[in-house]
Amino acid sequence: MSKTLIRGAKVLGGEPQDVLIDGETIIQVGAGLSAEGAEVVEAAGKVLLPGLVDLHTHLREPGREDSETVLTGTRAAASGGYTAVFAMANTFPVADTAGVVEQVWRLGKEHGYCDVRPIGAVTVGLEGRKLAELGAMHESAAGVTVFSDDGKCVHDAVIMRRALEYVKAFDGVVAQHAQEPRLTEGAQMNEGVVSAELGLGGWPAVAEESVIARDVLLADHVGSRVHICHLSTAGSVEIVRWAKSRGIRVTAEVTPHHLLLTDELVRSYNPVYKVNPPLRTERDVLALREALADGTIDIVATDHAPHPHEDKDCEWAAAAMGMVGLETALSVVQETMVDTGLLDWAGVADRMSHAPARIGRAEGHGRPVSAGEPANLTLVDTAYRGPVDPAGFASRSRNTPYEGRELPGRVTHTWLRGKATLVDGKLT
């Protein structure tokens, strides 16, 4: 592989520096670097970050290739600055055996736009009745460390306890989709003023908060790690903050859309805003931003949930839940966290690269931008601002809530172990 010299980039938003890559590795960081024969990338004014890591991506393959494939999903990831994604288990068949997680892992290896780390199901068929082959998935070639029934809650406390006990043996983590099913039967949106006015079934905050409260206590009892998927309410923030103050091994994520959008948008009845968990109130949004800033919420995860046109272009009640997010995540975080002064770019690197890599045990990712480290990097034009055009997405699906909305920042380059996967905003 040839050498690459990134010239004049603001590493983590700091002073301009040059970064020299040789093969798969960063070999030098400093001012005034030169390298004969190196490909030079002029990066003056741009911010250089470690490659982003998404702990919550739906790639849909196997089984729903009409929505997304490992190829199209990893191309979308590279477009958004990601070098590693964790693929959720709610595929067809469900990723609840060593065979299925290895299939997803090998597809990721084959396509190569980013590393794909499969997430294994907690229970067989996501049915919540019997533990899946957790140990076999961990021992497989995929080396699974994260387990989740995302899309469904592990609602049985005994099953959840057993899962936490099992993964403790190999330092795994159970990622919980916190949704008490009995409290959300027929729910269509956040329960509150807007749902009452629209006459749509309400999704109460307590349906999320009660499960989180139970699970942090279980994690404390077992001494294991639990991770809270797509935390969305101010009450959930307070529970996680309390648990962390007690030394309980809990981590939590927030999605970009829950940092920006509110349930007021549902008044349009546009199914693009239908998502699980639902968009919440302005009070919740502000609480989530503050919690991400102070570290109560550890990471930003996209919950990239692609759907074909026909599953979204229909009446609200029949529409599928979910939004695509890989290609807009960094822009939304810049809008809500950086441009508001709540986080600097070093903080963004922590929440979108270092911390998710640490939680998921993704070796080689989330590393410092320094000599001797893997060259997993993303370069961002933070001065850019423009409308979101889903027609240009690499994802197979277009169900973005930001179509036509102006957002800041644009990923111009992504490198996976020194190999450019995105150059000047175009996939290689």
Side-chain angles (χ1 to χ4, degrees), residues 13 43 45-47 49 52 54 57-58 67-68 72-82 113 254-275 279 282 285 288-289 300-314 316 319-343 345 348 352 378-414 421-428:
K46 296 178 183 177
V47 170
L49 300 171
L52 306 184
D54 189 19
T57 301
H58 296 272
S67 304
E68 195 77 283
T72 60
T74 56
R75 284 169 63 89
S79 298
Y82 288 89
Y113 279 88
V254 64
T255 70
H257 47 272
H258 285 112
L259 290 171
L260 181 60
L261 309 177
T262 74
D263 61 354
E264 289 290 336
L265 291 165
V266 181
R267 294 184 187 278
S268 68
Y269 286 104
N270 186 341
V272 77
Y273 299 119
K274 188 176 181 182
V275 66
L279 301 178
E282 182 72 15
V285 166
L288 295 173
R289 292 183 188 181
V300 176
T302 69
D303 193 8
H304 176 80
H307 291 291
H309 177 73
E310 59 270 19
D311 286 358
K312 277 292 193 178
D313 188 19
C314 55
W316 179 276
M321 295 181 178
M323 304 167 171
V324 292
L326 286 168
E327 295 171 77
T328 52
L330 192 56
S331 291
V332 175
V333 170
Q334 180 178 338
E335 170 106 334
T336 58
M337 301 301 297
V338 179
D339 292 353
T340 58
L342 290 170
L343 278 182
W345 285 106
V348 172
M352 298 187 74
T378 187
L379 187 64
V380 189
D381 180 1
T382 59
Y384 173 87
R385 189 172 187 93
V388 175
D389 180 11
F393 281 1
S395 171
R396 177 162 284 187
S397 294
R398 302 287 183 267
N399 51 305
T400 174
Y402 310 116
E403 182 173 5
R405 184 172 188 147
E406 282 205 351
L407 289 175
R410 182 175 72 98
V411 175
T412 63
H413 293 71
T414 306
T421 55
L422 186 78
V423 175
D424 292 328
K426 296 180 181 179
L427 290 159
T428 58

Over all heavy atoms of both residues, which pair between [X] and [Y] is shortest? Give the atoms and the distance, please.
X      : Y      : value
Phe393 : Glu327 : CA-OE1, 3.3 Å
Arg75  : Tyr113 : NH1-OH, 2.9 Å
Pro401 : Val324 : CD-O, 4.4 Å
Val388 : Tyr402 : CB-O, 3.3 Å
Pro390 : Thr400 : CB-CG2, 3.8 Å
Lys312 : Pro271 : NZ-O, 2.7 Å

Could you measure the distance from the [atom1] atom of [X] to the [atom2] atom of [Y]? Nearest 0.5 Å is fine.
X      : Y      : atom1 : atom2 : value
Asn399 : Lys274 : CG    : NZ    : 13.0 Å
Leu260 : Met337 : CG    : CE    : 12.0 Å
Leu343 : Arg289 : CG    : CZ    : 11.5 Å
Thr336 : Leu342 : OG1   : CG    : 8.0 Å
Asp381 : Lys46  : CG    : NZ    : 5.5 Å
His257 : Thr328 : NE2   : OG1   : 10.0 Å

Worked check of side chain to side chain contact (heavy atoms under 4.5 Å, CB included) between Asn270 and Leu265: CA-CA 8 Å; Asn270 186 341; Leu265 291 165; over 6 Å; no

Hey, does [Y] have a side-chain heavy atom less than 4.5 Å from the side chain of [X]?
X      : Y      : answer
Arg385 : Glu335 : yes
Met352 : Leu330 : yes
His58  : Asp303 : yes
Thr414 : Tyr82  : no
Leu326 : Ser79  : no

For Ser397 and Glu68: C-alpha separation, side-chain torsions, deciding distance, then whether side-chain hydrogen bond (donor to acceptor under 3.5 Å, both in side chains) applies. CA-CA 7 Å; Ser397 294; Glu68 195 77 283; 5.7 Å; no

Just by distance, no angles: are the side chains of Asp54 and Thr302 close enough, under 3.5 Å, to form a donor-acceptor pair? yes

Going by side chain to side chain contact (heavy atoms under 4.5 Å, CB included), His413 matches just one of Leu422, Asp424, Val380. Which one? Asp424

